[in-house]
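Report on one structure; see the data block that follows.
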Amino acid sequence: MKNKLLFGALLSGLVFLGAGCATDAPEEDKSKLPAGTIEPARENTTPLEEGPGSNKGVGAWQDPASFGGNVDKDGWREADPSGNRLNMPVIYFKYDSDVLVSSETANLDKIARYLSDKPEMGLVIEGHCDQRGTEEYNRALGERRANAIRTYLVKRGVADYKIKTVSYGEDKPAVSGNGESAWKQNRRGVPVPMILPR
């Protein structure tokens, strides 16, 4: 009786192990497919490696942002991935204010002219604050600053659909430190030129 149970368990184990084995079935003859049939896609089983010289992305879908330059959900691609923003000027604000100061008018006009001459270009305007005030307050102030720049550019002839705004509040300071010399550099609107999707 013991031998029969042992033999049965061994046989069940072999059947179980054999169930996952691949067969050497011949590849399907594509010439027998009906005319107009599209061959089903095969899954890429090549492992993806990380790092320089890797095969990451070969035969597999990747987010376009991973190919250099940031791409947002709408397909807007950063025009200058080096971070220089095509040397566009930063727009500065007074303490606790979203009102554009007259000393920034020339820089705003320069941005408007640049965008008007380039139909393929858009702009993301980042609103920033210094670290004084609550996080919620600074996020709202950063948004108002970005929108003030947007409104000015639209009045200067830039199409509204070519501009997006985002507020980082106090999260991305340009300069670390306390005191007016640091704070005045963090109260800003940063134009990030983007290439619009075709």
Going by distance alone, is a donor N or O of one side chain under 3.5 Å from an acceptor N or O of the other, for Asn138 and Gln131?
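There is no such pair (donor and acceptor under 3.5 Å, judged by atom type) between the side chains of Asn138 and Gln131.
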Going by distance alone, is a donor N or O of one side chain under 3.5 Å from an acceptor N or O of the other, for Asp109 and Tyr152?
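Short answer, yes.
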> Distance-only, no hydrogens or angles: does the Asp98 side chain make a donor-acceptor pair with backbone N or O of Gly142 under 3.5 Å?
Replying inline: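 Checking the backbone N and O of Gly142 against the side chain of Asp98, no donor-acceptor pair under 3.5 Å is found.
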* Just by modelled atom types, is the Lys94 backbone N or O under 3.5 Å from a matching donor or acceptor in the Ser97 side chain? ->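 No; judged by distance alone, with no hydrogens or angles, the pair does not exist.
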With the side chain counted from C-beta on, respond yes when [X] and [Y] share a heavy-atom pair under 4.5 Å apart, and no when they do not.
X: Val192; Y: Glu78; result: yes
X: Arg145; Y: Arg188; result: no
X: Arg187; Y: Cys129; result: no
X: Met121; Y: Ile195; result: yes
X: Lys110; Y: Asn107; result: yes
X: Val190; Y: His128; result: yes
X: Arg85; Y: Val90; result: yes
X: Ile149; Y: Phe93; result: yes

Starting at [atom1] of [X], measure out to [atom2] of [Y] and round the result to the nearest 0.5 Å.
X: Met194; Y: Lys162; atom1: CE; atom2: NZ; answer: 13.5 Å
X: Arg150; Y: Ile125; atom1: CZ; atom2: CD1; answer: 7.0 Å
X: Lys164; Y: Glu126; atom1: NZ; atom2: CD; answer: 13.0 Å
X: Arg132; Y: Glu170; atom1: CZ; atom2: CD; answer: 11.5 Å
X: Asn186; Y: Ser176; atom1: CG; atom2: OG; answer: 8.0 Å

* **Heavy-atom pair of closest approach, residues Gly177 and Ala182** =>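 So the minimum-distance heavy-atom pair works out to O-CB, 3.7 Å.
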Discussion item. For Ser167 versus Gly169, what's the shortest heavy-atom pair and its separation?
Written reply: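 Residues Ser167 and Gly169, closest heavy atoms: OG-N, 3.3 Å.
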Hphob cluster co-occupancy, [X] + [Y], side-chain heavy atoms under 4.5 angstrom:
X: Tyr168; Y: Leu141; value: no
X: Tyr95; Y: Tyr92; value: no
X: Leu86; Y: Ile111; value: yes
X: Val124; Y: Leu153; value: no
X: Trp76; Y: Met88; value: no

Q.
If the condition is side-chain hydrogen bond (donor to acceptor under 3.5 Å, both in side chains), which residues does Asp96 pass it with, not counting sequence neighbours?
A.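 side-chain hydrogen bond (donor to acceptor under 3.5 Å, both in side chains) list for Asp96, sorted by chain: Tyr137.
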Looking at [Y] and [X], is any side-chain nitrogen of the basic one under 4.0 Å from a carboxylate oxygen of the acidic one?
X: Glu135; Y: Arg139; answer: yes
X: Lys184; Y: Asp130; answer: no
X: Arg77; Y: Asp72; answer: no

Above 12 or not: heavy atoms from other molecules or residues under 6.0 Å from NZ of Lys118?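 More than 12 within 6.0 Å, yes.
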- prompt: Other than Val101, which residues form its hydrophobic cluster under the rule that side-chain heavy atoms must be closer than 4.5 Å?
  reply: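 Besides Val101, the hydrophobic cluster comprises nothing; the residue is isolated.
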